[in-house]
Amino acid sequence: MGSTADTPQTGRGGSIPAYRYNASLAAGIEQKWQDHWEQDRTFEAPNTAGPLADPAVVAGREKLFILDMFPYPSGSGLHVGHPLGYIATDVFGRFKRMTGKNVLHAIGYDSFGLPAEQHAIVTGIHPRINTESNIANMRRQLRRLGLAHDERRSISTTDESYYRWTQWIFLQIFNSWYDDRLKKARNITELEKEFESGMRQPTTAQSAKKWKDLSKLEQRKILDDYRLVYLANAPVNWCPGLGTILANEEVTAEGRSDIGNYPVFKRNMRQWTMRITAYADRLLDDLDRLDWPESIKLMQRNWIGRSTGARVRFASAAGEIEVFTTRPDTLFGATFMVLSPEHQLVDALTTKSQQSAVEKYRESARKLNDNERQNDDRKKTGVDTGATATNPVTGQQIPIWIADYVLMGYGTGAIMAVPSGDERDFEFARAYKLPIVAIQMPPGEWFAIHDIAPSPDCASWPSAYVGEGRYINSSNKNISLDGKRSMSQAISLINSWLEKNEFGESAITYKLRNWLFSRQRYWGEPFPIVYDQDDMPHAVPDKLLPVKLPELTDFKPQALDPNDEKTDPLPPLARVTEWLSVELDLGDGKKTYRREVNVMPQWAGSCWYELRYLDPTNTEQFVDAEVERYWMGPKTAGHTGGVDLYVGGVEHAVLHLLYSRFWHKVLFDLGHVSSEEPFHKLFNQGYIQAFAYRDSRGQTVPANEVVEQNGDFIFEGESVAREYGKMGKSLKNIVTPDEMYDEFGADTFRLYEMSTGPLDASRPWNTRDVVGMQRFLQRTWRNLVDEETNKLHVSNDPAPLELRRALHRCIHGVHQDMENLRFNTAISKLIELNNALTMHVNATGSTPREIAVPLTQMLSPLCPHIAEELWQKLGVETPITYTTFPVADPKLLFSETIEIPVQINGKLRARLAAPADISDDELRALALADAKVIAALAGATPAKIVIVPKRLINFVL
RNA sequence: GCCCGAGUGGCGGAAUGGCAGACGCGACGGACUCAAAAUCCGUUGUCUGAAAGGGCGUGCGGGUUCGACUCCCGCCUCGGGCACCA
């Protein structure tokens with residue numbers, strides 16, 4: 001613990017001045033002001049209504065809601081990479097407070113879910129105990145950073161008072177269906193009324209019967225199939241290593257779990273599924289209305305993957321086979337069909353003679369995981385089913401094959417193969433000698449590139465032709481595309497033909513799958529769902545929420561071999577027999593029900609936490625409507641509303657950021673929020689990366705013990721190799737904020753993090769470099785405070801004009817930089833001003849007050865503790881947090897004399913000192929009279945003289 | 001393979017059509033010190049030159065322009081995302 005702010009420190013050997021700004025003095029100052037802020041409740045942001053309301057303060061101040069992606073409370077606490085975004089939002093929020101905004105900034109903890117649970121399993125400590133102590137540690141670390149957060153609004157997703165509302169929102173989703181006519185979610189009771197009145201017919205299998213003739217149970221089943229969250233028996237990502245299923249978004253491209261890197265298998269299970277696909281169009285289209293980085297929008301667009309095309313039905317002996325194609329215009333070239341090996345019609349289609357071959361192929365396809373199956377390098381394989389289907393436009397019988405390049409999870413799991421117009425189909429047709437018929441004549445250049453003579457005979461083609469081209473071989477007696485050249489025209493012609501003849505219709509498909517929402521784990525929100533004797537799910541009544549997570553001594557998931565894809569999972573909650581069954585009256589008398597034993601995935605709590613920050617103590621509603629409208633409501637007509645600035649890493653591009661948009665849109669449709677989107681502006685901060693070192697055996701060695709010698713890196717006398725990567729335990733290169741607080745102080749640490757580059761760029765951590773920012777603060781301190789006596793040496797003398805100009809240029813630049821989150825350049829401008837001030841202090845012995853006051857104010861968003869201390873010494877009444885950020889005087893932004901570069905043929909040859917208001921003629925005359933210019937021109941007459949008024953002159957010879 | 005993003009001193013970076021390298025680190029020289037650390041002052045892209053000065057220089061090759069790190073075309077390298085999506 002350092003000395004307190006007001007007691008002198010004893011320097012080593014007495015040589016260090018007692019009040020030099022160093023880590024020890026900083027520690028005292030920082031603690032003093034952190035305590036002060038807490039007692040003074042400096043950063044509490046008032047609401048417009050409810051218990052946190054303070055209308056007098058709200059009035060006249062524009063709101064600003066800034067948000068960080070909240071952390072997982074992991075056991076190892078924070079390393080220096082974590083706070084990058086938190087510091088940035090804090091600087092921005094503090095700056096905005098000084099421009100008169102009512103700033104809401106808080107931080108909570110995403111404490112349910114796999115990371116916390118995996119950690120608990122490793123340590124053997126109950127996740128609640130673990131989570132709580134981890135949160136306490138992180139709170140301590142974050143408090144030392146001096147973040148201007150409203151502590152009242154800090155929530156944890158594991159709080160019962162929080163997950164009670166997570167469960168409530170789940171039930172809102174459970175009680176809703178998506179009306180594709182109105183394009184919005186509505187209450188399920190309204191669907192029931194529409195069925196009863198005959199306004200709408202169920203589209204499920206039972207729909208042959210009239211609604212009123214169905215049994216209650218049958219009606220229930222139909223309704224359940226419409227819900228936005230429903231139980232589905234469908235292929236899921238089963239990860240035995242984690243003992244749970246995972247969402248598509250949680251599975252890596254290699255077919256392994258995002259967490260733990262265990263193998264993931266596809267298998268059928270009955271699981272809760274969220275109908276996020278109902279929102280695919282809105283999730284896609286509304287991206288255009290968001291102020292997000294284009295790269296993230298693109299990742300979401302790709303993930304949603306909307307393709308427009310047509311569904312086409314082919315008749316076969318086993319019934320109609322439906323395919324999806326983006327190129328219905330190529331239907332005349334469909335010379336065979338390919339079904340996924342898992343397609344439901346394969347058994348019915350396969351002829352006797354092909355049975356064993358088909359069975360063998362399906363078996364081998366089943367053994368490959370998705371990754372192996374989708375490996376590009378693999379040769380296409382497949383087997384003939386022996387059956388045929390009728391091409392609806394040509395009337396021809398075309399063979400039906402199965403092949404693993406057709407995926408069950410996309411489209412209909414079956415394709416029409418057009419080998420002349422699709423690379424994959426071409427390859428397959430060549431491999432199995434299936435017919436290839438050209439339906440478009442490729443342009444001449446195409447043949448030229450492939451060095452073959454133009455010919456509609458595909459036998460000579462080296463590959464399929466994909467693109468626009470004149471249609472050939474594309475007519476029957478009702479329709480002809482022949483001679484057409486436009487793909488879009490051909491598509492619309494064939495689509496209307498398909499619709500008229502009931503062979504198909506235009507259609508849209510998405511890559512986005514519905515969201516697998518249950519996990520066979522312990523550390524998550526229990527579902528507010530019970531089952532009756534018919535195994536039908538029922539909502540737990542609102543007054544019984546939360547459904548508390550039962551305390552378990554054995555919270556571990558069932559231990560399974562990571563490669564055991566067969567064993568059924570047994571969720572830990574299924575072992576709690578006394579909790580499992582419950583007696584309830586759900587409106588038809590007391591009955592015994594069985595509880596849902598799965599828990600929600602880790603993303604549930606983070607889908608709506610920003611809303612709870614707004615109204616964290618509300619026991620009646622998840623958020624008060626008026627409060628939500630104040631902080632999140634649309635600013636103008638057409639504005640989506642949402643958080644004003646959301647800062648976080650890019651890793652959540654298609655997980656958290658997609659799920660929370662989905663939940664938010666459901667809440668919007670149901671009238672619970674006024675904003676259409678949760679996060680209006682998104683900013684992705686970069687990562688702090690670090691060097692790591694390996695010895696000759698390839699072992700990582702502690703990075704902090706490696707020394708650099710003549711460009712070599714030495715650990716314990718041995719040369720080691722340097723690499724560069726994420727900060728982490730395995731690379732032994734973690735640096736913690738605590739080390740930085742001890743060595744330099746929080747203000748220095750904050751400045752260093754902000755100074756090393758633009759916020760969106762990743763950059764390496766270099767502890768060696770941190771001292772630069774400490775020196776800057778030390779010099780600033782020394783410019784205002786006597787290091788020996790701790791007394792201010794600030795004078796009321798006016799500052800010389802040039803220093804005053806430097807101040808105003810600095811104010812102007814810092815203002816703009818802060819506004820645009822360019823803290824690195826803001827800091828360098830402040831250093832420049834301080835360097836100019838240092839020269840003045842060295843010459844005169846004191847700092848003019850007119851410089852000291854605004855300099856301190858400008859520093860305060862970046863390094864608030866030292867700024868508070870200086871502010872107190874300066875004796876200004878208004879708290880620095882709520883003073884007005886300095887405003888530059890435009891008259892002082894320009895000097896009377898300016899320096900103008902002179903170029904000859906674009907090369908710099910001289911610099912001229914000129915009056916700031918010099919005219920072009922005067923500038924030309926001045927330049928031509930300059931000795932260097934005369935020498936450089938060497939008597940030549942310029943062919944042209946380019947003058948940028950008051951900026952530059954260029955002689956062209 | 002497709003789609004994004006990025007390449008500037010020894011290092012982090014600044015400049016987004018107009019003086020390339022702001023600011024910081026490091027390095028070098030000096031002051032203080034018995035000495036060191038800390039601190040302070042100065043130098044620091046590179047080649048050439050005693051100096052003044054000059055040549056070269058923003059991944060590579062072209063182009064537009066009086067003028068290009070910046071705009072356009074083609075490539076290379078690195079990072080990220082998607083990947084048999086019909």
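Just so we're clear, the structure is a prediction, and the values are computed from it rather than from any experiment. In what follows, every chain begins at residue 1, and chains take the letters A, B, ... in the order their sequences are listed. We use all heavy atoms of the structure for the numbers below, so side chains are in, but hydrogens, waters and symmetry mates are not.
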Just to be sure I understand the rule, does [X] reach a base, reach only the sugar-phosphate, or reach nothing, if contact means heavy atoms closer than 4.0 Å?
X      : value
A:N842 : sugar-phosphate
A:R779 : sugar-phosphate
A:I831 : sugar-phosphate
A:E832 : sugar-phosphate
A:T509 : nothing
A:T412 : nothing
A:Q778 : sugar-phosphate
A:T326 : sugar-phosphate
A:R513 : nothing
A:V946 : base

Report task. Can you label the angle between the A:W781 ring and the A:Y21 ring as parallel, tilted or perpendicular, going by 30° and 60°? Result ->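 Correct class here is tilted.
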Query - 5'-most by nearest nucleotide on RNA chain B - A:R763 or A:N835 - result: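 Residue closer to the 5' terminus by nearest nucleotide: A:R763.
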Report task. Starting from the 5' end of RNA chain B, give me the residue, A:N824 or A:V650, whose nearest nucleotide shows up first. Result ->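 On the 5' side of the pair lies A:N824.
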So, under a plain 3.5 Å distance rule, would you say the side chain of [X] forms a donor-acceptor pair with the base of [N]?
X      : N     : result
A:R911 : B:C19 : yes
A:N954 : B:C66 : yes
A:K380 : B:C84 : yes

Could you state the [atom1]-[atom2] distance from [X] to [N], rounded to the nearest angstrom?
X      : N     : atom1 : atom2 : result
A:F314 : B:A86 : CZ    : C1'   : 12 Å
A:R301 : B:G81 : CZ    : C1'   : 14 Å
A:E427 : B:A86 : CD    : C1'   : 14 Å
A:K511 : B:G81 : NZ    : C1'   : 11 Å
A:K932 : B:C19 : NZ    : C1'   : 12 Å
A:L833 : B:A22 : CG    : P     : 18 Å
A:M408 : B:A86 : CE    : C1'   : 13 Å
A:F776 : B:U39 : CZ    : C1'   : 17 Å

Query - Closest to the A:K907 side chain, choosing from B:G54, B:C11, B:C56 - result: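 The answer is B:C56.
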Do [Y] and [X] meet the salt-bridge criterion of a basic N to acidic O distance under 4.0 Å?
X      : Y      : answer
A:D288 : A:R301 : yes
A:R763 : A:E753 : no
A:E802 : A:R805 : yes

Report summary line: Classified by glycosidic angle (syn within 90° of 0, else anti), B:G54 comes out anti
**Report entry** For B:U77, the Watson-Crick or wobble partner whose two distances fall under 3.5 Å
**Finding:** B:A6
Report summary line: Using Watson-Crick geometry (N1-N3 plus N6-O4 or O6-N4) or G-U wobble (N1-O2, O6-N3), each under 3.5 Å, B:A20 is paired with none
Report summary line: Between A:F955 and A:P942 the two heavy atoms that sit nearest each other are CD2-CG, 3.6 Å
Query raised in the report: What are the two closest heavy atoms between A:I904 and A:A936, and how far apart are they?
Result: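 Looking at all heavy atoms of both residues, the closest pair is CD1-CB, 3.3 Å.
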Query raised in the report: Hey, is the side chain of A:R775 poking within less than 4.0 Å of OP1 or OP2 on B:U39, counting only N and O atoms?
Result: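 It does, given that an N or O in the side chain of A:R775 lies less than 4.0 Å from OP1 or OP2 of B:U39.
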Query raised in the report: Where do A:N495 and A:S506 land on the side chain to side chain donor-acceptor pair (under 3.5 Å) test, with the steps shown first?
Result: CA-CA 6 Å; A:N495 279 357; A:S506 65; 4.7 Å; no
Report task. Quote, to the nearest angstrom, the C1' distance that separates B:C19 from B:G10. Result ->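 Looking at atom C1' only, B:C19 and B:G10 are 25 Å apart.
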Query - Between B:A14 and B:C25 - C1' atom distance, rounded Å - result: 15 Å
